[in-house]
Amino acid sequence: MDISGKVTLKKGRSYSIERFHPWIFSGAIQKTDGDIHDGDWVDVLQHNGKLLGTGHFQEGSITVRMLTFGESRPGPDFYTQKLTAALSLRRAAHLPGESTNCFRWIHAEGDGLPGLIVDWYDGAAVVQAHSHGMHANREQIALAIKNVWGENLKSVYYKSQATLSRTRDVHSDGYLYGLSGVPHVVRENQNKFFVDWEEGQKTGFFLDQRENRRLLGHYAKGKKVLNTFCYTGGFSVYAIAEGAEIVHSVDSSEKAITLARKNIELNMFDESNHKCFTSDTFDFIKDKQDQYDVIVLDPPAFAKKRDSRHQAVKGYQRLNAEAIRIIRPGGIIFTFSCSQVVDQQLFYDTVVSASIQAQRNVKVLQHLSQPADHPVSMFHPEGEYLKGLILYVE
């Protein structure tokens, strides 16, 4: 990889980098040297000139995302080595396996590649860049994916138009290698799902809820289940597969409801115990007193920036209070937040507040998080974005 310039840190501002935290904020930088543009590789130096590592440069609050630490420089096989190491981690977690052939292969900072997401869908790799550096290196990344999988690779689809700054020259998403028809059928814990990375949200499927979906199945047998913000119906499929008496899937998007119906049909379930509703969740649940034994609350991120965190907390409080109020006595609630700026303690406190507001006795059965293919670096705790609770409402 070609190094375009140098970034020198202020005195006393290298401590976090020496502890392998991958972000360098603009306020820590003393000076830059060289003809540096967004997406370029740069050397990062301590104030005395000592090399701390290399990373991708990008104007903004996070100015450098570190990719190597110490005196080692990224070589021509850098991405192949990183992808191979990440795949070894997944294989240690039995991914892929006989019952599951889709997983997150690269989880940004968790795999030492800040700004990069790669999801694997049974032969198709979907690449998403969240930094200009990863966008600039997309061809090298696609080549590395081919190096790792060889003939088992059918396609590499690049989907970053929605994740990169509007100032970046990303006109469209498309295939970097091969071609795969969508929707593409994958298998997760024996259940089948359609994935459409071309038109669907994110990379096409929410892989981070795999183990939580399976856990829901243990509580669903013989129960009446409400799956809110259902998107493609993942929780609904698991509930029906485990013998739920009835499952209601709710989403404000007609497109999402169509996808949920298709996934129910794909698994050849009896439609008589599943119904879909195109509705705002808040509107739907307000008059459903004592109708459900199990409720899933898995909303999209209510806050993506710190300045919207207060409003997000109010949204989580209102949503959880309504669910706690209407659920049957002895009911189970799976509640989640994927807002990174709402940390685990704040989310817990918000659910406590919702329980007080609903005036019901609530107990926590289990704390939930993201699965093993969404690893969190010990040096980057910010990577733990998915928070969840299983609640028992007396």
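Worth knowing before you read on, the calculation uses all heavy atoms, side chains too, and leaves out hydrogens, waters and symmetry mates.
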> Transitively linked via ILVMFWY side-chain contacts under 4.5 Å: Ile17 with Phe20?
Replying inline: yes
>> Given Tyr177, which partner from the list Glu139, Lys154, Lys146 fulfils the side-chain contact (heavy atoms from CB on, under 4.5 Å) test?
In response: Lys146
>> To check you understand the geometry: which heavy-atom pair defines the closest contact between Phe284 and Ser279, and what is its length?
In response: CB-OG, 3.6 Å
> Within the distance-only criterion (no hydrogens, no angle test), does the side chain of Thr163 pair as donor or acceptor with the backbone N or O of Ser160 below 3.5 angstrom?
Replying inline: yes
> Are the side chain of Asp280 and the backbone of Phe282 linked by a donor-acceptor contact shorter than 3.5 Å?
Replying inline: yes
> For the atom pair CD (Gln344) and CG (Leu368), what is the distance rounded to the nearest 0.5 Å?
Replying inline: 10.0 Å
>> I'd like to know whether Met1 forms a side chain to side chain contact (heavy atoms under 4.5 Å, CB included) with Leu67, so could you lay out the CA-CA distance, the side-chain angles of the two residues, the decisive distance to 0.1 Å, and finally the verdict.
In response: CA-CA 12 Å; Met1 305 295 176; Leu67 294 161; over 6 Å; no
> Is there a path from Leu143 to Leu153 through hydrophobic residues (I, L, V, M, F, W, Y) whose side chains come within less than 4.5 Å of each other?
Replying inline: no
> Between Tyr157 and Trp197, how do the two ring planes meet: parallel, tilted or perpendicular, split at 30° and 60°?
Replying inline: tilted
> Do Val342 and Tyr316 pass the side chain to side chain contact (heavy atoms under 4.5 Å, CB included) test, and can you show the C-alpha distance, the side-chain angles, and the key distance before you say yes or no?
Replying inline: CA-CA 10 Å; Val342 177; Tyr316 288 124; 4.2 Å; yes
> Between the side chains of Tyr121 and Thr203, is a donor N or O closer than 3.5 angstrom to an acceptor N or O?
Replying inline: yes
> Asp43 and Lys6: salt bridge (charged side-chain N to carboxylate O under 4.0 Å, His left out), yes or no, with the steps?
Replying inline: CA-CA 5 Å; Asp43 282 336; Lys6 300 177 181 178; over 6 Å; no
> Do the ring planes of His21 and Trp23 sit parallel (below 30°), tilted (30 to 60°) or perpendicular (above 60°)?
Replying inline: perpendicular
> Would you call Cys230 and Ile257 a side-chain contact if the rule is heavy atoms closer than 4.5 Å?
Replying inline: yes
> Is a side-chain N or O of Asn263 found less than 3.5 angstrom from the main chain of Phe194, in a donor-acceptor match?
Replying inline: yes
>> If the test is salt bridge (charged side-chain N to carboxylate O under 4.0 Å, His left out), which one of Arg91, Arg210, Arg90, Arg104 qualifies with Asp373?
In response: Arg210
>> Within a 6.0 Å radius of atom CD on Glu151, are there more than 12 heavy atoms belonging to other residues, nucleotides or ligands?
In response: no
> How far apart are the C-alpha atoms of Val182 and Glu199, what are their side-chain angles, what is the distance that settles it, and do they pass the side chain to side chain contact (heavy atoms under 4.5 Å, CB included) test?
Replying inline: CA-CA 9 Å; Val182 291; Glu199 300 295 333; over 6 Å; no
>> Using a strict threshold of under 4.0 Å (side-chain N to carboxylate O), is an ion pair present between Lys286 and Glu322?
In response: no
>> Counting only heavy atoms from other residues, nucleotides and ligands, does the tally under 6.0 Å from NZ of Lys159 exceed 12?
In response: yes
>> Students often mix this up, so state it plainly: with edges at 30° and 60°, are the rings of Trp41 and Phe78 parallel, tilted or perpendicular?
In response: perpendicular
>> Go through it in stages, so that I can follow the logic: the residues are Asp343 and Lys387, the test is salt bridge (charged side-chain N to carboxylate O under 4.0 Å, His left out), and I'd like the CA-CA distance, side-chain angles, deciding distance and then a yes or no.
In response: CA-CA 8 Å; Asp343 64 27; Lys387 300 149 291 281; over 6 Å; no
> Between Ala93 and Ala372, what is the shortest heavy-atom contact and its length?
Replying inline: CB-CB, 3.9 Å
> Got a donor-acceptor contact below 3.5 angstrom from the Tyr231 side chain to the Gln201 backbone?
Replying inline: yes
> Taking Thr228 for the side chain and Val296 for the main chain, is one N or O donor matched with an acceptor at less than 3.5 Å?
Replying inline: yes
>> For the CD1 atom of Ile285 and the CD atom of Gln289, what is their distance to the nearest 0.5 Å?
In response: 11.0 Å
>> I need the minimum non-hydrogen distance between Ser339 and Ser337, along with the two atoms involved.
In response: N-OG, 3.3 Å
> Any sub-3.5 Å donor-acceptor pair from Lys10's side-chain atoms to Gly27's backbone N or O?
Replying inline: yes
>> If I compare all heavy atoms of Gly217 with all of Glu242, which pair ends up nearest, and what's the gap?
In response: O-CB, 3.3 Å
> Has Lys275 got its NZ or CZ under 6.0 Å from the middle of the six-membered ring of Phe277, at an angle within 45 degrees of the ring axis?
Replying inline: no
> Do the side chain of Gln370 and the main chain of Tyr385 share a donor and acceptor less than 3.5 angstrom apart?
Replying inline: yes
>> Could you check whether Tyr158 and His135 have their ring centres less than 6.0 Å apart?
In response: yes
>> For the CG atom of Asn191 and the CD1 atom of Ile240, what is their distance to the nearest 0.5 Å?
In response: 10.0 Å
> Under 4.5 Å between any side-chain heavy atoms of His94 and Phe103, yes or no?
Replying inline: no
> Using a distance-only test with no angle check, is there a side-chain donor-acceptor pair under 3.5 angstrom linking Ser253 and Asp251?
Replying inline: no
> Given Ser249 and His274, is the side chain to side chain donor-acceptor pair (under 3.5 Å) satisfied, shown in steps?
Replying inline: CA-CA 8 Å; Ser249 301; His274 178 254; 2.7 Å; yes
> Are any non-hydrogen side-chain atoms of Cys102 and Glu188 less than 4.5 angstrom apart?
Replying inline: yes
> Taking atom types as modelled and ignoring hydrogens, do the side chains of Gln359 and Arg325 form a donor-acceptor contact shorter than 3.5 angstrom?
Replying inline: no
> NZ of Lys262: more than 12 outside heavy atoms within 6.0 angstrom?
Replying inline: no
> Quick one: are Tyr79 and Leu113 in side-chain contact, heavy atoms under 4.5 Å?
Replying inline: yes
> Asn212 and Ser369: which non-hydrogen atoms are nearest, and at how many Å?
Replying inline: ND2-O, 3.3 Å
> Under 3.5 Å, is there a donor-acceptor pair between the side chain of Asp293 and the main chain of Lys224?
Replying inline: yes
> Mind checking whether Trp105 and Trp149 have parallel, tilted or perpendicular rings, split at 30° and 60°?
Replying inline: perpendicular
> Is a donor on one side and an acceptor on the other found under 3.5 Å between the side chain of Ser355 and the backbone of Val351?
Replying inline: yes
>> Can you tell me which residue among Asn227, Asn189, Asn267 is in a side-chain hydrogen bond (donor to acceptor under 3.5 Å, both in side chains) with Tyr238?
In response: Asn189
>> Nearest 0.5 Å, please: how far is CG in Asn320 from CG in Leu391?
In response: 7.0 Å
> Is there a donor-acceptor pair closer than 3.5 Å between any side-chain N or O of Gln58 and the backbone N or O of His132?
Replying inline: yes
> Can you tell if the side chain of Pro22 reaches within under 4.5 Å of the side chain of Arg65, non-hydrogen atoms only?
Replying inline: no
> Counting heavy atoms not belonging to Glu394, are there more than 12 under 6.0 Å from its CD?
Replying inline: yes
> Is the shortest heavy-atom distance from the side chain of Pro299 to the side chain of Leu319 under 4.5 Å?
Replying inline: yes
>> Which heavy atom of Val118 sits nearest to which heavy atom of Ala125, and what is that distance?
In response: CG1-CB, 4.2 Å
> Under 4.5 Å between side-chain heavy atoms, hopping through other hydrophobics if needed: is there a path connecting Ile324 to Val364?
Replying inline: yes
> Should Glu18 and Gln46 be marked as a side chain to side chain contact (heavy atoms under 4.5 Å, CB included) after you check the CA-CA gap, both sets of side-chain angles, and the distance that decides it?
Replying inline: CA-CA 10 Å; Glu18 291 174 306; Gln46 204 172 35; 3.3 Å; yes
> Does the side chain of Ser377 come under 3.5 Å of the side chain of Glu109 through a donor N or O and an acceptor N or O?
Replying inline: no
